[in-house]
Amino acid sequence: MTQRYYITTPIFYVNGDPHIGHAYTAVAADVMARFRRLQGRDVWFLTGTDEHGQKVEAAARLAGLDPQAFSDDISARFRAMVRSMNISHDDFIRTTEPRHKAACAALWQRLEAAGMIYLGHYEGWYATRDEAFYGEDELSIGADGIKRAPTGAPVEWMREPSYFFRLSAFAERLLALYEENQSFIQPASSRNEVMSFVRGGLRDLSVSRTSFTWGVKVPGDPAHVMYVWIDALTNYLTALGYPDEQAERMAFWPADVHLVGKEITRFHAIYWPAMLMAAGLPLPRHVFGHGWWTVEGEKMSKSLGNALAVQPLIDEFGLDPLRFFLLREMPFGNDGDFSRRALINRLNVELANDLGNLAQRTLSFIAKNAGAIVPVRGEPQPADWALRDLAAGLPERVAAAMDRMALQEALEEIWKLVRACNAYIDHQAPWTLRKTDPVRMASVLRDLIECLRVIGILLQPFMPDTMAKLLDQLGVAATARDFSALTEGLVDNAPLPQPSGLFPRFVEPV
RNA sequence: GGCGGCGUAGCUCAGUGGUAGAGCAGGGGAAUCAUAAUCCCUUGGUCGGUGGUUCAAAUCCGCCCGCCGCUACCA
């Protein structure tokens with residue numbers, strides 16, 4: 001049986017436009033999904049938009065639209081972003097879809113039937129003007145002695161009826177889960193934080209609201225809509241056909257990875273598994289919280305207005321170079337800085353100079369001096385074996401890094417071979433062999449393009465379009481590009497097409 | 001305040017007991033197939049400070065300094 005692999009991004013909240021941070025999450029998940037497909041796994045890759053809640057309701061009002069029309073618009077922008085980033089998702093879910101409302105209602109009822117939901121009261125400081133609750137620490141007391149929200153609106157202590165989920169009952173079981181499955185929460189820093197949070201004790205979770213209406217109605221009590229937790233997290237089940245547990249897609253449950261931003265790791269690592277335990281459903285295998293990008297050293301924020309839009313970057317630098325930069329620049333899980341200088345440096349040094357130029361110098365040399373066909377290997381020399389061993393062991397090293405979600409390390413491993421190839425071609429100097437030993441020259445060139453083939457195949461998940469172009473230039477059949485074909489090798493004397501550059505150097509416009 | 005993390009070459013970081021490492025940047029040289037790209041050599045660090053454990057510490061322990069994260073209803 002083919003091994004299944006289910007990976008998700010968070011559903012993106014439609015209270016603002018997509019930016020590079022969203023694209024980052026999507027690309028990382030996309031690379032994992034493509035990698036697993038090339039390994040021969042049966043992949044389901046889900047992304048989508050989260051469209052309910054008070055903030056959307058308010059943003060819509062501000063825009064003079066009803067919440068559905070507003071959500072339709074922003075959701076379409078996320079869909080366009082995902083398309084322009086060449087994301088290979090299998091489904092794009094929207095929480096306003098009927099299938100999702102049905103799934104939420106079903107999960108709710110299941111939790112309720114299990115005695116995990118009860119009616120109580122939610123209390124807090126409420127600003128009528130903002131129609132929002134605020135935490136004690138957000139408030140300030142004015143000269144007039146009145147407590148005010150950060151928005152300046154006066155607050156008062158309010159109680160509203162709310163349904164609660166018995167989260168407090170799950171602390172021990174959650175801690176046992178984290179102990180048993182050490183990689184359930186990654187990276188380790190997030191795991192520490194979550195564990196320390198749970199050790200501190202859990203309170204029951206308020207899971208409904210009566211203070212706004214833009215949400216999924218609570219079954220049997222239409223005065224309530226579901227508050228964010230159940231609504232948003234359930235999407236991962238909705239997309240598989242839940243509550244129809246016989247649905248074909250349900251075979252993908254449990255998810256292999258919920259990829260999320262680190263700010264929402266906790267919800268995925270605590271609330272979600274607790275809800276699933278309560279419902280008697282299997283738990284996801286991993287929750288990975290990735291880091292954040294700063295932009296030119298500054299935090300991305302609405303007030304600074306420095307959130308980077310995706311399309312202008314694609315237009316200026318190209319899609320694949322952008323995808324590459326996002327995953328190459330920082331260890332996956334860390335924070336990093338998105339600077340124009342760093343981007344251009346990566347593109348020029350690693351893509352144009354290292355890899356692009358390697359492909360170009362090798363392929364154009366074959367085109368001009370080796371008959372534009374796949375050269376034939378001769379008697380191997382020690383230097384050849386060193387290179388071949390490096391290439392032969394590469395897929396395993398890359399797969400090991402990918403298993404740990406260490407995308408940057410996977411790229412670093414591949415680049416070790418790229419650099420080794422540049423050293424090899426210099427040391428072997430086929431341009432000299434051309435005059436002295438054409439048989440040896442052919443052998444050297446063959447070893448080089450076999451390495452390029454391995455590099456091209458392994459890099460497909462990161463830069464699908466450009467690697468397709470490279471593999472075309474190497475004459476690799478469309479059917480010989482998955483990982484099972486890594487050991488196959490090129491065909492002696494097969495004709496090679498005219499090569500052309502893969503990654504142009506970026507020259508700053510004057 | 002509590003819990004946790006980090007502080008290693010100019011920059012980004014790897015290294016968790018046994019003579020300090022990588023990439024980029026800097027310097028010198030070689031080559032000229034190639035997108036003037038590449039290759040070789042190389043400068044550079046009292047591994048935040050301090051005290052201790054040890055035959056031996058960047059690595060373990062204590063204290064100090066600095067930075068950061070978490071400390072629940074923000075998707």
Side-chain angles (χ1 to χ4, degrees), chain A residues 10-16 22 49-56 95 122 124 132-135 137-138 162 164-165 167 187-209 227-229 231-233 235 260-268 270-271 291-292 328-331 334-337 341-342 345-346 348-370 408-409 412 415-416 419 421-434 441 444-445 448 499-507:
Chain A
I11 41 176
F12 303 117
Y13 201 47
V14 296
N15 67 338
H22 302 107
T49 45
D50 181 12
E51 309 183 8
H52 287 134
Q54 195 162 25
K55 284 189 180 172
V56 171
T95 56
Y122 179 73
F133 281 92
Y134 291 95
D137 54 347
E138 294 179 277
S162 167
F164 282 83
F165 168 63
L167 181 66
S189 52
S190 293
R191 179 168 182 268
N192 287 345
E193 287 178 7
V194 168
M195 287 185 72
S196 126
F197 183 87
V198 175
R199 280 201 201 96
L202 295 173
R203 299 205 295 267
D204 287 347
L205 193 64
S206 166
V207 290
S208 78
R209 285 289 186 277
Y227 192 53
V228 52
W229 321 117
D231 181 352
L233 291 163
N235 91 86
V260 299
K262 64 179 181 181
E263 75 283 8
I264 55 173
T265 300
R266 201 173 69 219
F267 311 140
H268 285 78
I270 300 175
Y271 304 169
W292 289 351
R328 174 60 171 147
E329 183 66 6
M330 64 186 184
N334 287 17
D335 292 345
D337 185 47
R341 215 180 99 94
N345 199 44
R346 284 281 175 202
N348 282 344
V349 172
E350 295 190 336
L351 293 182
N353 297 356
D354 287 350
L355 178 56
N357 186 51
L358 171 67
Q360 182 72 4
R361 67 197 302 206
T362 306
L363 288 168
S364 72
F365 195 89
I366 291 173
K368 287 177 198 161
N369 303 301
Q408 190 215 31
E409 276 180 54
E412 176 57 26
W415 248 257
K416 283 180 187 164
R419 294 187 202 108
C421 283
N422 272 320
Y424 178 80
I425 193 172
D426 267 43
H427 296 156
Q428 301 307 315
W431 42 93
T432 304
L433 293 169
R434 182 168 63 94
M441 175 196 79
V444 164
L445 293 171
L448 283 165
S500 66
L502 299 174
F503 300 104
R505 263 186 87 76
F506 183 86
V507 181

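Numbers restart at 1 for each chain; the letters A, B, ... are given by sequence-line order, proteins then strands.
Between A/L205 atom CG and B/C74 atom P the separation is 11 Å, expressed in whole Å. Straight-line distance from the CE atom of A/M195 to the P atom of B/C70: 19 Å, rounded to whole Å. If you take CG of A/N192 and C1' of B/G69, they are 11 Å apart, rounded to a whole angstrom. The CG atom of A/N357 sits 9 Å away from the P atom of B/A37 (whole-angstrom rounding). Rounded to whole Å, atom P of B/C33 lies 18 Å from atom OH of A/Y424. As rounded to whole Å, 14 Å separates atom C1' of B/C73 from atom CZ of A/F165. The nearest whole Å value for the distance from the CD atom in A/E350 to the P atom in B/A22 is 16 Å. Rounded to an integer number of Å, the gap from A/K368 NZ to B/C33 P is 9 Å.
Listed for the A/N348 side chain is a donor-acceptor partner under 3.5 Å among the backbone atoms of A/F506. Judged purely by atom type and a 3.5 angstrom limit, A/N357 has no side-chain atom pairing as donor or acceptor with the backbone of A/A352. In this structure, the side chain of A/T95 engages the main chain of A/E51 through a donor-acceptor pair within 3.5 Å. With hydrogens and angles disregarded, a donor-acceptor distance shorter than 3.5 Å links the side chain of A/N422 to the backbone of A/D354.
Mapping A/S206 and A/Q360 onto RNA chain B via the closest heavy atom, the residue that lands nearer the 5' end is A/Q360. Summary of the strand contacts: A/L202 and A/N345 both lie near RNA chain B, and taking for each the nucleotide with the nearest heavy atom, the more 5' one is attributed to A/N345.
Shown are A/D231, A/L233, A/D50; of these, the side-chain contact (heavy atoms from CB on, under 4.5 Å) with A/I11 is made only by A/D50.
Remark: ring of A/W431 overlaps the six-membered base ring of B/C33 in a stacked fashion, centroids less than 5.5 Å apart, planes less than 30° apart.
Using a 4.0 Å heavy-atom cutoff across all strands shown, A/L502 reaches at least one base atom of the nucleic acid. Across all strands, A/W229 comes closer than 4.0 Å to base atoms (heavy-atom distances). Within the 4.0 angstrom heavy-atom criterion, base atoms lie near A/L167. Using a 4.0 Å heavy-atom distance criterion, A/D354 is classed as a sugar-phosphate-only contact. Using a 4.0 Å heavy-atom distance criterion, A/F12 is classed as making no nucleic acid contact. Looking at heavy-atom distances under 4.0 Å, A/D204 makes contact with a base.
When each of B/C73, B/C74, B/U71 is scored by its nearest atom to the side-chain atoms of A/F197, the top-ranked nucleotide is B/U71. Each of B/U71, B/C3, B/C33 was ranked by its minimum atom distance to the side chain of A/R266; first place goes to B/U71. Set against B/U38, B/U35, B/G23, the side chain of A/N422 has B/U38 as its closest nucleotide.
The base-pairing partner of B/A31, taking Watson-Crick or G-U wobble contacts with both distances under 3.5 Å, does not exist among the strands shown. Checking B/G69 for Watson-Crick or G-U wobble geometry (two distances, each under 3.5 Å) identifies B/C3 as its partner. Both distances falling under 3.5 Å, in either a Watson-Crick or a G-U wobble arrangement, place B/A22 opposite B/U12.
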Checklist entry - For A/D426 and A/R361, what are the C-alpha separation, side-chain angles and deciding distance, and is it a side chain to side chain contact (heavy atoms under 4.5 Å, CB included)? => result CA-CA 11 Å; A/D426 267 43; A/R361 67 197 302 206; 2.8 Å; yes
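OP1 or OP2 of B/C74 has at least one side-chain nitrogen or oxygen of A/Y227 nearer than 4.0 Å. Listed pair A/R361 / B/U38 fails the phosphate criterion, with no side-chain N or O lying under 4.0 Å from OP1 or OP2.
For A/N353 against B/A37, no side-chain N or O and base N or O form a donor-acceptor pair under 3.5 Å.
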